[in-house]
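In what follows, every heavy atom counts, from backbone to side chain, and hydrogens, waters and symmetry copies are set aside. The first residue in the sequence is number 1, and the count goes up from there.
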Amino acid sequence: MKTFLSLCLVLIAVSLNLFAEQPIVDSDMTMEEALNGTAAPAEIIEKLELITVEYYSFDNKLHSGQLIMHRSLVSDIIQLFDLMKEDKFPIAKCIPIVKYDWSDSASMADNNTSGFNYRFVAGTKNLSNHAKGMAIDINPVQNPAVYNNGNISPQGAKYNTKARGTILDDSEYTKFLVGKQWRWGGVWTSVKDYQHFDKPL
């Protein structure tokens, strides 16, 4: 009898798993593939971690992608994506920027949510917090960087607070990250970088 009940439980578990929503895979790289060609020095690379995250995209289907982050921030990012997944907050895609030949502009234009990218702050010779995996850009097309001179990055994007996938100052995601000492670019003065959150260590 116990064996029969055990078998029934196993069959039920298998059935539930078969009917569970299987994510569409946007990215499934190895760490070596995700870092191929980066100019980052070894002391930065050794502190990075490749993580898999699940999210609902704009097609309302479950997807899985990858982010490279500083290992100390991985827990924050996993919790953030758990919140977004629960709410079905749409994320277009999460793919390491190696796919875009390390071009931030190309990644943004493709509405790619990203973390690590060894690069300088646009228009300066200062390393970005992305260069150490200490920043994340979320849905750049819905959350562009808007400069005081009127330029918008990525080009053609528009910050519409009523659009799906937009980060707001009073959203639970902003409050969650700010509560964990992250900074949001949406409150900056020289540029409103709505996609950008960072947490310098």
First locate atom CD1 of I91, then atom OG1 of T113, and finally report the distance between them rounded to the nearest 0.5 Å. 4.5 Å
Using every non-hydrogen atom in the two residues, find where N139 and F58 come nearest and quote the distance to one decimal. ND2-CZ, 4.0 Å
Among all residues two or more places apart in sequence or in another chain, which pass the side chain to side chain donor-acceptor pair (under 3.5 Å) test with T174? S171
With ILVMFWY side chains joined below 4.5 Å, transitively, what does Y56's cluster contain besides itself? L62
Is I167 close to Y194 at the side-chain level, that is, under 4.5 Å between some pair of heavy atoms? no
Could you tell me which residues satisfy side chain to side chain donor-acceptor pair (under 3.5 Å) with Q195, sequence neighbours excluded, listed by chain and number? none
Could you note down all residue pairs passing salt bridge (charged side-chain N to carboxylate O under 4.0 Å, His left out) where residues 186-201 supplies at least one of them, sequence neighbours left out? D76-K199, R183-D198
Test salt bridge (Lys or Arg N to Asp or Glu O under 4.0 Å) applied to E54 - qualifying residues, sequence neighbours left out: K85
Test of understanding: with side-chain contact (heavy atoms from CB on, under 4.5 Å), list the residues that count as partners of A157, not counting sequence neighbours. P144, I152, P154
CG/L50 to CE/M29 distance, rounded to the nearest 0.5 angstrom? 8.5 Å
Once ring-ring contact (aromatic ring centres under 6.0 Å, His included) is applied, do any residues pair with H130, and if so which ones, sequence neighbours excluded? H196
Are M31 and I44 linked, directly or through other ILVMFWY residues, by side chains that come within less than 4.5 angstrom of each other? yes
In chain order, what residues pass the side-chain contact (heavy atoms from CB on, under 4.5 Å) check against N36, with sequence neighbours excluded? V98
Taken in chain and number order and not counting sequence neighbours, the residues that satisfy side chain to side chain donor-acceptor pair (under 3.5 Å) with S107 are N112
Residues 26-49 vs salt bridge (charged side-chain N to carboxylate O under 4.0 Å, His left out), sequence neighbours excluded, gives none
Quick one: list whatever passes salt bridge (Lys or Arg N to Asp or Glu O under 4.0 Å) with K132, sequence neighbours left out. none
Got a sec, which pairs hit salt bridge (charged side-chain N to carboxylate O under 4.0 Å, His left out) with one end in residues 161-172, sequence neighbours left out? none
Write down the atom of S153, the atom of Y147, and the distance for their closest heavy-atom approach. CB-CE1, 4.2 Å
Value rounded to 0.5 Å, distance of CZ in F116 from CD1 in I97: 9.0 Å
